[in-house]
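Reviewing the structure listed below.
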Amino acid sequence: MKEVCTRIYELLSRKYEIREGEFVGLVARGNLFEHLVAVLLSQNTSDKNAIKALSNLKGKLGELAPEKVLSLDTGELAQLIKPAGLHLQRAERIVELASYLRDRLEEFESEVRKMDVPEARRVLMNLPGVGEKTADVLLLVYFGKPAFPVDTHIKRITTRLGFVKGGSYKRVSGFWLSCLPPDKYLETHLLLIQHGRATCKARKPSCHECLIKEFCEYYKSRYPHQQ
């Protein structure tokens with residue numbers, strides 16, 4: 001299976017160019033708090049919308065820091081992040097996060113860097129609004145630890161390929177962790193998202209244009225006479 005995963009990585013990397021401006025996790029360039037806010041803004045919305053909301057915040061505050069966010073009225077904060085949707089709920093979460101990390105951001109980051117992945121994930125998931133995917137994005141993108149975040153695109157592609165049954169977050173993430181070398185986690189994560197956006201769409205996937213259809217159970221069952 002490792003050979004199959006390597007081949008999938010090679011095929012996708014030939015087709016797609018990773019553009020930093022299309023992923024909010026790569027657009028965020030500041031401290032840990034900025035990355036946390038960026039990923040929170042991306043929950044249940046597109047990166048495009050999250051990037052707009054993040055840009056609004058940074059345009060208002062400059063570098064994102066807990067104390068700067070707490071200087072804003074919650075209503076103003078909500079309006080700034082409105083492009084991401086669910087702005088009232090997100091604003092409350094961001095204020096909770098800022099309150100928790102105020103005066104201890106550097107200490108918190110230093111502690112997480114010393115932890116192994118399971119412990120670091122547990123600690124991050126204790127933060128307001130941080131679930132499995134958000135924690136894994138932070139671990140992989142910001143801390144450079146071996147994690148494999150799973151979004152809706154990656155879950156859809158992995159289950160269509162037939163690599164996992166049931167499609168739980170843990171199973172999908174565990175599959176890619178087991179079949180790829182750690183230095184390919186981030187790039188493959190981003191390539192799969194691009195493939196889901198462009199080709200393996202939720203509705204009307206472009207199966208005939210898919211570079212990895214030879215490995216795909218969904219394609220083989222949908223087009224049994226075109227093998």
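Values below: all heavy atoms of this structure, side chains included; hydrogens, waters and symmetry mates excluded. Residue numbers count from 1 along this sequence.
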Please report the shortest heavy-atom distance between R222 and C207, naming the atom on each side. NH1-SG, 3.3 Å
Heavy-atom side-chain proximity of F163 to I157 below 4.5 angstrom: no
Side chain K220, main chain E214, donor-acceptor under 3.5 Å: yes
With a 3.5 Å distance limit and no angle check, can you tell me whether K68 reaches the backbone of L61 through a side-chain donor-acceptor pair? yes
If the threshold is 4.0 Å, N to carboxylate O, is there a salt bridge linking K165 and E217? yes
S110 side chain to E107 main-chain N or O, any donor-acceptor pair under 3.5 Å? no
To the nearest 0.5 Å, what is the distance between OH (Y9) and OG1 (T188)? 6.5 Å
Looking at every heavy atom in both A135 and V130, which two are closest together, and how far apart are they? N-CG1, 3.8 Å
Any side-chain heavy-atom pair from L180 and F148 closer than 4.5 angstrom? yes
Polar side-chain atom of N31 near backbone of A65 as donor-acceptor pair, under 3.5 Å: no
Any chance you could measure L124, atom CG, to F143, atom CZ, to the nearest 0.5 Å? 5.5 Å
For P149, is there any backbone N or O sitting under 3.5 Å from a side-chain donor or acceptor partner on H189? yes
In terms of hydrophobic clustering (I, L, V, M, F, W, Y; side-chain heavy atoms under 4.5 Å; direct or indirect links), are V24 and L86 co-clustered? no
Would the distance check show the side chain of E63 and the main-chain N or O of G30 forming a donor-acceptor pair, the cut-off being under 3.5 Å? no
Quick one: pull up OG1 in T152 and NZ in K133 and give me the separation to the nearest 0.5 Å. 7.0 Å
Please check if the side chain of R90 supplies one atom and the backbone of G85 the other of a donor-acceptor pair under 3.5 Å. yes
Closest approach of L88 to A78 (non-hydrogen atoms, all atoms of both residues): CD2-CB, 3.9 Å
Can you tell me how far apart NZ (K15) and SG (C210) are? Round to the nearest 0.5 Å. 7.0 Å
For the cysteine pair C5/C179, does the gap between the two SG atoms stay under 2.5 Å? yes
With heavy-atom distances below 4.5 Å as the criterion, would you say the side chains of V137 and D151 are in contact? no
Quick check on K155: does its NZ atom have over 12 non-hydrogen neighbours (other residues, nucleotides or ligands) under 6.0 Å away? no
Decide yes or no on side chain to side chain contact (heavy atoms under 4.5 Å, CB included) for V69 and F33, but give the supporting numbers first. CA-CA 10 Å; V69 165; F33 181 71; 3.6 Å; yes
Does the side chain of L80 reach to within under 4.5 Å of the side chain of L72, using non-hydrogen atoms? yes
Of all the heavy-atom pairs spanning K201 and R160, show the shortest one and how long it is. O-NH1, 2.8 Å
I'd like to know if the side chain of Y185 reaches the main chain of P146, judged simply by a donor and an acceptor atom lying under 3.5 Å from each other, with no hydrogens or angles considered. no
Is it true that the side chains of H153 and R156 contain a donor and an acceptor less than 3.5 Å apart? yes
With a 4.5 Å cut-off on side-chain heavy atoms, are V172 and F175 touching? no
R19/E22 salt bridge by N-O under 4.0 Å criterion: yes
Hey, is CD on E106 packed in by over 12 heavy atoms from elsewhere, all under 6.0 Å? no
Do M115 and V123 come within less than 4.5 Å of each other through their side chains, counting heavy atoms only? yes
Presence of salt bridge, R93 and E96, under 4.0 angstrom: yes
For residues L12 and Y218: do they belong to one hydrophobic cluster (side chain heavy atoms under 4.5 Å, members Ile, Leu, Val, Met, Phe, Trp, Tyr)? no
Evaluate salt bridge (charged side-chain N to carboxylate O under 4.0 Å, His left out) for R7 paired with E10, printing each intermediate quantity in order. CA-CA 5 Å; R7 183 61 178 158; E10 290 172 348; 3.6 Å; yes
Single-linkage hydrophobic cluster, 4.5 Å side-chain cutoff, Y223 and L161 together: no
Indicate, with yes or no, if I212 and Y219 share a hydrophobic cluster defined by side-chain heavy-atom contacts under 4.5 Å among Ile, Leu, Val, Met, Phe, Trp and Tyr. no
Between H195 and C200, is a side chain to side chain contact (heavy atoms under 4.5 Å, CB included) present by the stated rule, with each step listed? CA-CA 6 Å; H195 186 60; C200 193; 3.9 Å; yes
For the pair T45 (side chain) and S42 (backbone), establish whether a donor and an acceptor sit closer than 3.5 Å, ignoring hydrogens and angles. no
Hey, are T134 and Q43 close enough side-chain-wise for a donor-acceptor pair under 3.5 Å? yes
Would a 4.5 Å heavy-atom cut-off, applied to side chains only, mark Q79 and E76 as touching? no
Please find the pair of heavy atoms, one from W176 and one from I154, that lie closest to each other, and give the distance. NE1-CG2, 4.1 Å
Just do the side chain to side chain contact (heavy atoms under 4.5 Å, CB included) check on L77 and L57 with the steps written out, would you? CA-CA 8 Å; L77 172 60; L57 264 184; 3.5 Å; yes
Are the charged groups of R104 and E109 less than 4.0 angstrom apart, N to O? no
Closest non-hydrogen atom pair, K52 against P83: CB-CB, 3.8 Å
So NZ of K184 and OG1 of T6: to nearest 0.5 Å the spacing works out to 8.5 Å
Given salt bridge (charged side-chain N to carboxylate O under 4.0 Å, His left out), test R121 with D136 step by step and report yes or no. CA-CA 7 Å; R121 182 184 288 111; D136 281 345; 2.8 Å; yes
Evaluate L127 against F108 for side chain to side chain contact (heavy atoms under 4.5 Å, CB included), listing each step before the verdict. CA-CA 11 Å; L127 294 174; F108 179 84; 3.8 Å; yes
Before accepting this row, confirm whether a basic side-chain N of the pair D47/R197 lies closer than 4.0 Å to the acidic partner's carboxylate O. yes
In Å and rounded to the nearest 0.5 Å, what is the CG to NZ distance from L211 to K213? 7.0 Å
Checking the side chain of S206 only, and the main-chain atoms of E209 only, is there a donor and an acceptor separated by less than 3.5 Å? no
